[in-house]
K.L.:
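Dropping the structure in here first, questions after.
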Amino acid sequence: MNGKYKALWLNEEDNLVVLDQRVLPFVEKTITITNTDECVEAIKNMTVRGAGVIGNTAAFGVFLASCECDGDLKLLEEKAKLIRSSRPTAVNLMWAVDRMMEVARVIKKDKMQERLKQEAIKICDEDCKATEKIANFGADIFEEIMKKNGKKEINVLTHCNAGWLAIVDSGTALAPIYELQKRGIKVHVWVDETRPRNQGANLTAWELEKSGIDHTVIADNTGGHLMQHGLVDVCITGADRVSLGGDVANKIGTYLKALAAYDNNIPFYVALPSSTFDFKIIDGVKEINIEIRGEDEVKTIRGVDEKGQYKGLQIIPNNSKALNYGFDVTPSRLITGLITERGICKADIKNIQNMYGDIL
Ligand code: MRU
């Protein structure tokens, strides 16, 4: 792909250009990241978000940091540490920075910048390939579910955004949906709005609309009702960190959807590239660090007014407190299968160990 992906790309000056995901779908604009501080800020303020794209941005961030360090490895380590700690939950961030630094530590000073640029590109290219494989494995299983249900169309429910805005270049949860469209299969997507930041309503709906995929945005509390009435054939989400035990950290609210799916006997799949596993931990509920973001995201809602003006509005009383957990953990027992670039496996330690025996 040569450093060019749909959600981010290197420009002629080797700076990183990213789509500004804070203002989609109302404003389509880009932000150019030229140094470490801008990279950290873009990840923190969620100009870029989604586990994979955070990792990709961080990888290019380490490359940009190397351009500020003139071969000074100690300085680069400090800058990499800043990037690594810009958000706590999505493990692709730490994974990408660690991989970049492993390269930086063994390369000669004068080769460092070019080598790090190539490694960042390699990380992105690997993600692209992984999403292609996930697309096919997922679409195959979705076709099976459709046949088993005796239907000619499949209704899929998804939470948050796990499309190409979240992982280059087809996404994880949305990859099988794009693949079904290519195969000429009728697919309809229930899109959870995903409060408080509305990644579903703003980003997933935007991606699906752009691709001409039939979809309906629903309030976050609607999924259970739809499932009880046979309107959901399968649920699929992405992941921010998956433990060796198969527990999945993903956008807040994922757990409740998995519970409802379990209660209604509806398959609940999680799609992820291998870089989203955290093999060092087993119990995701106890061990995954869950981000707590600012109260403002809960207290307000952003959108366009009748004049097309993009703005935020307060939606709770002045003196009410708000609490904003960014993610929750869905226990492995509620997950039907993990769709990875290596294939589909059960979300448990034995099956994950079997699939990843070569790197564990
Ligand atoms: O807070 P965000 O928008 O970065 O959270 C994103 C999600 O939770 C996605 O569902 C997740 O990253 C999976 S897609 C790679």
Side-chain angles (χ1 to χ4, degrees), residues 1-11 14-22 24 30-67 79-80 82-104 113-135 160-175 199 203 207 238-241 271-278 340-341:
M1 310 290 288
N2 211 16
K4 304 227 182 296
Y5 314 89
K6 289 197 233 172
L8 72 164
W9 55 93
L10 278 184
N11 68 11
D14 274 351
N15 289 318
L16 183 67
V17 184
V18 298
L19 273 179
D20 186 347
Q21 300 197 28
R22 295 167 302 174
L24 286 172
T30 57
I31 300 275
T32 303
I33 298 171
T34 65
N35 58 39
T36 313
D37 291 347
E38 288 170 6
C39 172
V40 170
E41 188 51 26
I43 295 173
K44 275 195 173 149
N45 71 20
M46 291 176 68
T47 302
V48 290
R49 34 67 52 203
V53 165
I54 291 173
N56 301 153
T57 304
F60 281 116
V62 174
F63 156 62
L64 291 172
S66 74
C67 303
K79 289 182 182 288
L82 283 179
I83 298 171
R84 200 181 187 279
S85 58
S86 51
R87 283 189 79 187
T89 305
V91 75
N92 302 59
L93 167 63
M94 298 79 189
W95 174 87
V97 172
D98 292 347
R99 177 163 153 179
M100 293 293 289
M101 289 310 294
E102 271 170 32
V103 170
Q113 286 176 23
E114 185 52 30
R115 180 67 187 83
L116 289 177
K117 176 179 153 187
Q118 292 313 324
E119 191 65 16
I121 291 174
K122 202 164 161 223
I123 287 174
C124 295
D125 288 350
E126 284 172 15
D127 280 354
C128 289
K129 285 199 190 108
T131 65
E132 279 168 27
K133 293 201 170 126
I134 289 168
C160 196
N161 171 265
W164 59 259
L165 287 166
I167 176 147
V168 292
D169 228 352
S170 339
T172 46
L174 295 193
Q199 287 95 329
L203 306 176
E207 275 196 38
D240 289 85
R241 190 183 290 240
L272 65 146
S274 303
S275 47
T276 304
F277 278 105
D278 185 345
T340 76
E341 74 272 25

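Given the structure is predicted, the values throughout are model-derived calculations rather than measurements. Sequential numbering from 1 along the given sequence is applied to the chain's residues.
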K.L.:
Measuring from atom CG of L16 to atom OG1 of T32, what distance do you get when rounded to the nearest 0.5 angstrom?
P.N.:
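It comes to 8.5 Å.
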
K.L.:
Considering all heavy atoms of both residues, which atom of D127 and which atom of G52 are nearest to each other, and what is their separation?
P.N.:
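Scanning both residues completely, I find the closest heavy atoms to be OD2-O, 4.2 Å.
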
K.L.:
I need the minimum non-hydrogen distance between T276 and A239, along with the two atoms involved.
P.N.:
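Where T276 meets A239 most closely, the heavy atoms are CG2-O, 3.4 Å.
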
K.L.:
Could you please spell out the steps behind the side chain to side chain contact (heavy atoms under 4.5 Å, CB included) verdict for D37 and K79?
P.N.:
CA-CA 9 Å; D37 291 347; K79 289 182 182 288; 5.6 Å; no

K.L.:
If we only count heavy atoms from C-beta on, is the F277 to V91 side-chain gap below 4.5 Å?
P.N.:
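Side chain of F277 against side chain of V91, heavy atoms only: no contact under 4.5 Å found.
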
K.L.:
Using modelled atom types only, decide if a donor and an acceptor are shared between the side chain of K4 and the backbone of L10 within a distance under 3.5 Å.
P.N.:
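Checked: pair present.
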
K.L.:
Which residues pass the salt bridge (Lys or Arg N to Asp or Glu O under 4.0 Å) test with E119, not counting sequence neighbours?
P.N.:
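In terms of salt bridge (Lys or Arg N to Asp or Glu O under 4.0 Å), with neighbours along the sequence ignored, E119 is linked to R99, R115.
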
K.L.:
I'd like to check T36 versus L64 (side-chain heavy atoms, cut-off strictly below 4.5 Å). Are they in contact?
P.N.:
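Not in contact.
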
K.L.:
For the pair E207 (side chain) and W164 (backbone), establish whether a donor and an acceptor sit closer than 3.5 Å, ignoring hydrogens and angles.
P.N.:
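Yes: the side chain of E207 pairs with the backbone of W164.
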
K.L.:
Hey, does N92 have a side-chain heavy atom less than 4.5 Å from the side chain of I54?
P.N.:
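Of all side-chain heavy-atom pairs linking N92 with I54, none is under 4.5 Å.
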
K.L.:
Against C39, only a single residue in T47, I33, T34 fulfils side-chain contact (heavy atoms from CB on, under 4.5 Å); can you say which?
P.N.:
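The side-chain contact (heavy atoms from CB on, under 4.5 Å) with C39 is passed solely by I33 among T47, I33, T34.
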
K.L.:
So among N11, L8, V17, which one has a side-chain contact (heavy atoms from CB on, under 4.5 Å) with T30?
P.N.:
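So, applying the side-chain contact (heavy atoms from CB on, under 4.5 Å) to T30 and each of N11, L8, V17, only V17 qualifies.
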
K.L.:
Got a sec: does the NZ of K133 have more than 12 other heavy atoms crowding it under 6.0 Å?
P.N.:
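Count not over threshold, so no.
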
K.L.:
Restricting to non-hydrogen atoms, name the atom on T172 and the atom on G238 that form the minimum distance, rounded to 0.1 Å.
P.N.:
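Taking T172 first and G238 second, the nearest heavy atoms are OG1-CA, 3.8 Å.
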
K.L.:
Tell me, please, which residues at least two apart from E132 pass salt bridge (Lys or Arg N to Asp or Glu O under 4.0 Å).
P.N.:
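Applying salt bridge (Lys or Arg N to Asp or Glu O under 4.0 Å) to E132 gives none.
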
K.L.:
If you define the side chain from C-beta out and look only at heavy atoms, does anything of I121 sit under 4.5 Å from F60?
P.N.:
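Result yes, sub-4.5 Å side-chain heavy-atom pair found.
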
K.L.:
Which heavy atom of L165 sits nearest to which heavy atom of Q21, and what is that distance?
P.N.:
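Looking at all heavy atoms of both residues, the shortest contact is O-NE2, 2.8 Å.
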
K.L.:
Taking the side chain as everything from C-beta on, heavy atoms only, tell me whether E38 gets closer than 4.5 Å to I31.
P.N.:
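No; the side chains remain at least 4.5 Å from each other.
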
K.L.:
Please find the pair of heavy atoms, one from D169 and one from C128, that lie closest to each other, and give the distance.
P.N.:
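Answer, listing the atom of D169 first, then C128: CB-SG, 3.7 Å.
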
K.L.:
Starting from the C-alpha separation in whole Å, work towards a yes-or-no answer on side chain to side chain contact (heavy atoms under 4.5 Å, CB included) for R87 and M46.
P.N.:
CA-CA 10 Å; R87 283 189 79 187; M46 291 176 68; 3.7 Å; yes

K.L.:
So does S274 get a backbone contact from the side chain of E341, meaning a donor-acceptor N/O pair under 3.5 Å?
P.N.:
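Side chain of E341 to backbone of S274: a pair is present.
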
K.L.:
Compare all side-chain heavy atoms of T131 with those of V168 and state whether any distance is below 4.5 angstrom.
P.N.:
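T131 does not reach V168 side chain to side chain.
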
K.L.:
For W95, check ring pair (Phe, Tyr, Trp, His ring centres under 6.0 Å) against everything at least two apart and list the hits.
P.N.:
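Ring pair (Phe, Tyr, Trp, His ring centres under 6.0 Å) check on W95 returns nothing, list empty.
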
K.L.:
Do D14 and Q113 have side chains that approach each other closer than 4.5 Å (heavy atoms only, starting at C-beta)?
P.N.:
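D14 does not reach Q113 side chain to side chain.
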
K.L.:
For the residue pair A58 and L93, what are the closest heavy atoms and their distance?
P.N.:
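Of all heavy-atom pairs spanning A58 and L93, the closest is CB-CD1, 3.4 Å.
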
K.L.:
For I123, is there any backbone N or O sitting under 3.5 Å from a side-chain donor or acceptor partner on N56?
P.N.:
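Answer holds: no.
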
K.L.:
Do V103 and L116 have side chains that get closer than 4.5 Å, going by heavy atoms?
P.N.:
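Yes, close enough: below the 4.5 Å cut-off.
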
